[in-house]
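Numbering of residues begins at 1 and proceeds along the displayed sequence. Atoms within a ligand are numbered from 1 in the order they appear, just like the ligands themselves.
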Amino acid sequence: MSATHGTASPEAPELSGDAVATHCPYCALQCAQTLTRTPGARLPLEVAGRDFPTNRGGLCQKGWTSAEVLRASDRLTTPLIRTADGGFREAQWDEALTLVSSRVESLQAENGRDTVAVFGGGGLTNEKAYALGKFARIVLRTPFIDYNGRFCMSSAAAASNRAFGMDRGLGFPLEDLGGADAVLILGSNMGVTMPPFVQHLAGARERGGLVVVDPRETVTARLTHGDRGIHLAPVPGTDMVVLLALTHVVLAEGLADQAYLRERTTGLDAVRRSVAQWWPERAEAVCGIPADELRRTARLLAAASPSRGGRGAYVLTGRGMEQMSQGTACVSAAINLALTLGLVGRHGSGFGPVTGQGNGQGGREHGQKSDQLPGYRMITDPAAREHVAQVWGVNPDVIPGPGVPAVKLLDSLGREGGPRALFVHGSNVVVSAPNADAVVESLKRLDLLVVSDLVPSETAMLADVILPVTQWAEEEGTMTNLEGRIIRRRKAVDAPGQARSELWILGELARRLGVLGGFPDDPRAVFDEMARASAGGVADYAGIDYDRLDAGEQIHWPCPDARHPGTPRVFLDSFATPDGRARMVAVDHHAPADDVRADAPIHLVTGRVLQHYQSGAQTRRVDELNDAQPAPFVEMHPLLADRLGLSEGQDAILTTARGVAVAAVRVTESIRPDTVFMPFHWAGAGSANRLTNDVTDPISGMPEFKVTAVAIAPALSLDPTIPEEVSAP
Ligand SMILES: Nc1nc2c(c(=O)[nH]1)N[C@H]1C(S)=C(S)[C@@H](COP(=O)(O)OP(=O)(O)OC[C@H]3O[C@@H](n4cnc5c(=O)[nH]c(N)nc54)[C@H](O)[C@@H]3O)O[C@H]1N2
Ligand SMILES: Nc1nc2c(c(=O)[nH]1)N[C@H]1C(S)=C(S)[C@@H](COP(=O)(O)OP(=O)(O)OC[C@H]3O[C@@H](n4cnc5c(=O)[nH]c(N)nc54)[C@H](O)[C@@H]3O)O[C@H]1N2
Ligand code: SF4
Ligand SMILES: [Mo]
């Protein structure tokens, strides 16, 4: 029987004996997949899309080809230990783990417990993320843990927390979007980064209400063509000004939802004052969008809002406006607009950031963040420490205080007083962290680098010890998707060689470091403990267990007890703030930290292409994806290419205050002539993060990935100061 017929529920479909219902290994849409075992075939599994509320059976090219990564030709299948000549040799688990634990013990004896740091990832299952946070706090007893979610959701999370007292990503099921008259999308290119998401925009498009804000005319922006909506292409880094102007128009033209603002929010007066100076003509001078377009957009959104008789409107944010040194403030400005229109905590309308990584939501709830304990609790809160310590069976004093956010952590490695050892689980920072050349230097300063991965990523290749782990179809667990919906990842095949789950690895290391018990390798047991640790917290999973999920229940947190159905829509009654009201926070604009100037006159923005995922560690190992997008490139407008003397396919040298990169030119009219775009999926000479700025948002710690000033020249005029590695790509 097919998964889409009969009485089967979306999470417990009736499948044949050889088929397993699970979800895609990659992004936060977590499209549902059916994996069918294919004994004897080249790949152990066949992948098909499965009907589910988020993807409705659809998958993107990465999802279709995901089984290839299971059999990547250089898949890690045995622990590897660095040799004196700089290579690696194969080792048994016992030798590798004992080496790691004895090195950790001696480094900690010499320098103190906080000489060891941990870097996690938003791709880890909830169970692994929880175990990793617990391992850092009560086995290593170090405050220094953070993770790649800092690069991803930190600004959105910080702004949601301060406005709503809770960060649940989208506070509503994706399907709700379909009923709205308008959807405003700022800095997300989901047509490329989450293709099946686009189905949910059909309603707004039909009614001419899709608004996309992006300096490029992306696949997503093109969805507005043909009277489907509006594309606004601001100067990079000026979304704040767009939002201040839209809010200005809503207030000035009497389009705000005054009753909602009175009953459900605080802080309007300060916001009103802060937007007063951003009348559309003034905004136009900064963001480059004609004042009339700003007015038209504000009126379109207002007409869709429930207070003006519309069917509803949504405001969605993506990394394009969040990965800024003013990222948190930008998201606050988006929230202020949504609140002014009376959209949040209401059926059929809403606000939300579009979470990125597979478990980007769950990964930020269970203790990988430097200042956080499970259940989205703060590590500085005595009651939270007490509760979690009791679940962990330790004295609260054992739990260290807050550490530092990712960029600062990476920079501190091996420096005076900084950590001398690092465990990496689920991130390829050599490619994905800002100012990547400096990150490589940081990693080289370490006395001990231990990387757990599926493949020999660029970061793993710098390690002293590499530990091979299971992936996706080889393990059980849970993920929390972009809607805060908890879903099951299920095992379909055995892992090759000696690859082991990191739940097992962490337990073995704990034992060797003298902590007996508390680190089971059974994901169900870990989930149950995590649920108890989260009980009473903001992200409350206490009422969820594998039995409920396996019976097909669709549960969104918070879910405080076993009879609770979960909370698909948050804030319908009140916000999670002390007074139940949403807090509007007045914000103002500042230019990017590294803004265009005479010797770097062009805006460099970075992002993604369809075929590659993040640092490319997984997707660069899939032939079909690699053939489609084989190499780094820089996208530019024909006018700019002309001015720079560059043509299609020619190599350009890009120089910023951090570094130099070389990439092939792609000429396209779909980008502003003052801006170039580079995807960040590659290592080496064309690695975008050699160029990006590691300045961070003061509140969230988010780096300014999305905008920096760059100088560009044809690769012919090679400067002798350019490193050889770059000049000979
Ligand atoms: N194919 C693919 N899909 C993915 C991923 C992947 O690596 N590859 N990663 C997943 C993850 S972790 C994430 S976080 C999401 C990210 O998903 P998105 O946020 O959709 O992805 P990006 O391409 O990083 O950025 C989106 C857009 O921001 C625009 N942008 C740049 N500067 C600005 C600006 O100043 N203002 C505005 N408004 N826009 C700007 C870029 O032109 C780009 O089109 O994708 C997820 N899905
Ligand atoms: N210039 C620029 N840089 C960016 C961004 C941008 O837009 N522009 N976006 C940022 C964003 S939003 C993100 S999310 C980051 C992501 O960048 P990274 O943190 O580098 O993410 P991935 O490439 O997904 O790396 C995951 C690694 O973990 C491995 N892995 C997968 N599953 C597991 C597992 O279960 N356990 C273990 N131990 N390993 C596993 C994979 O093989 C891979 O090597 O990049 C950021 N960097
Ligand atoms: S959109 Fe995301 S979850 Fe869906 S198939 Fe593509 S990568 Fe996988
Ligand atoms: Mo991300």
Under 4.0 Å to a heavy atom of Q30 - the qualifying atoms of ligand 3, by number |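 It comes down to these atoms of ligand 3: 3 (S).
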
What atoms in ligand 1 come closer than 4.0 Å to a heavy atom of [X]?
X	result
V192	1 (N)
M324	34 (C), 35 (O)
C27	46 (C), 47 (N)
V609	1 (N), 2 (C), 8 (N)

Within the 3.5 Å criterion, strictly below it, is a donor on [X] or [Y] matched to an acceptor on the partner's side chain?
X	Y	answer
Q614	R608	yes
E475	T470	yes
T459	N428	yes
S325	E704	yes

Ligand 1 and [X], any nitrogen or oxygen pair closer than 3.5 angstrom?
X	answer
K706	yes
H681	no
N189	yes
F677	no
M321	no
Q357	no
T238	no
T193	yes
T218	no

Examine ligand 1 and decide if any of its atoms is less than 4.0 Å from a heavy atom belonging to K62.
->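 Contact present.
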
Listed partners of T220 passing side-chain hydrogen bond (donor to acceptor under 3.5 Å, both in side chains), at least two apart =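 For T220 the side-chain hydrogen bond (donor to acceptor under 3.5 Å, both in side chains) partners, ignoring immediate neighbours, are N189.
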
Hey, would you say the F52 and H23 ring centroids sit under 6.0 Å apart?
->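 Under 6.0 Å, so yes.
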
Cut-off under 2.8 Å, centre atom 6 (Fe) of ligand 3, protein N/O/S atoms |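 For atom 6 (Fe) of ligand 3, the protein N, O and S atoms that sit under 2.8 Å away are C60 SG.
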
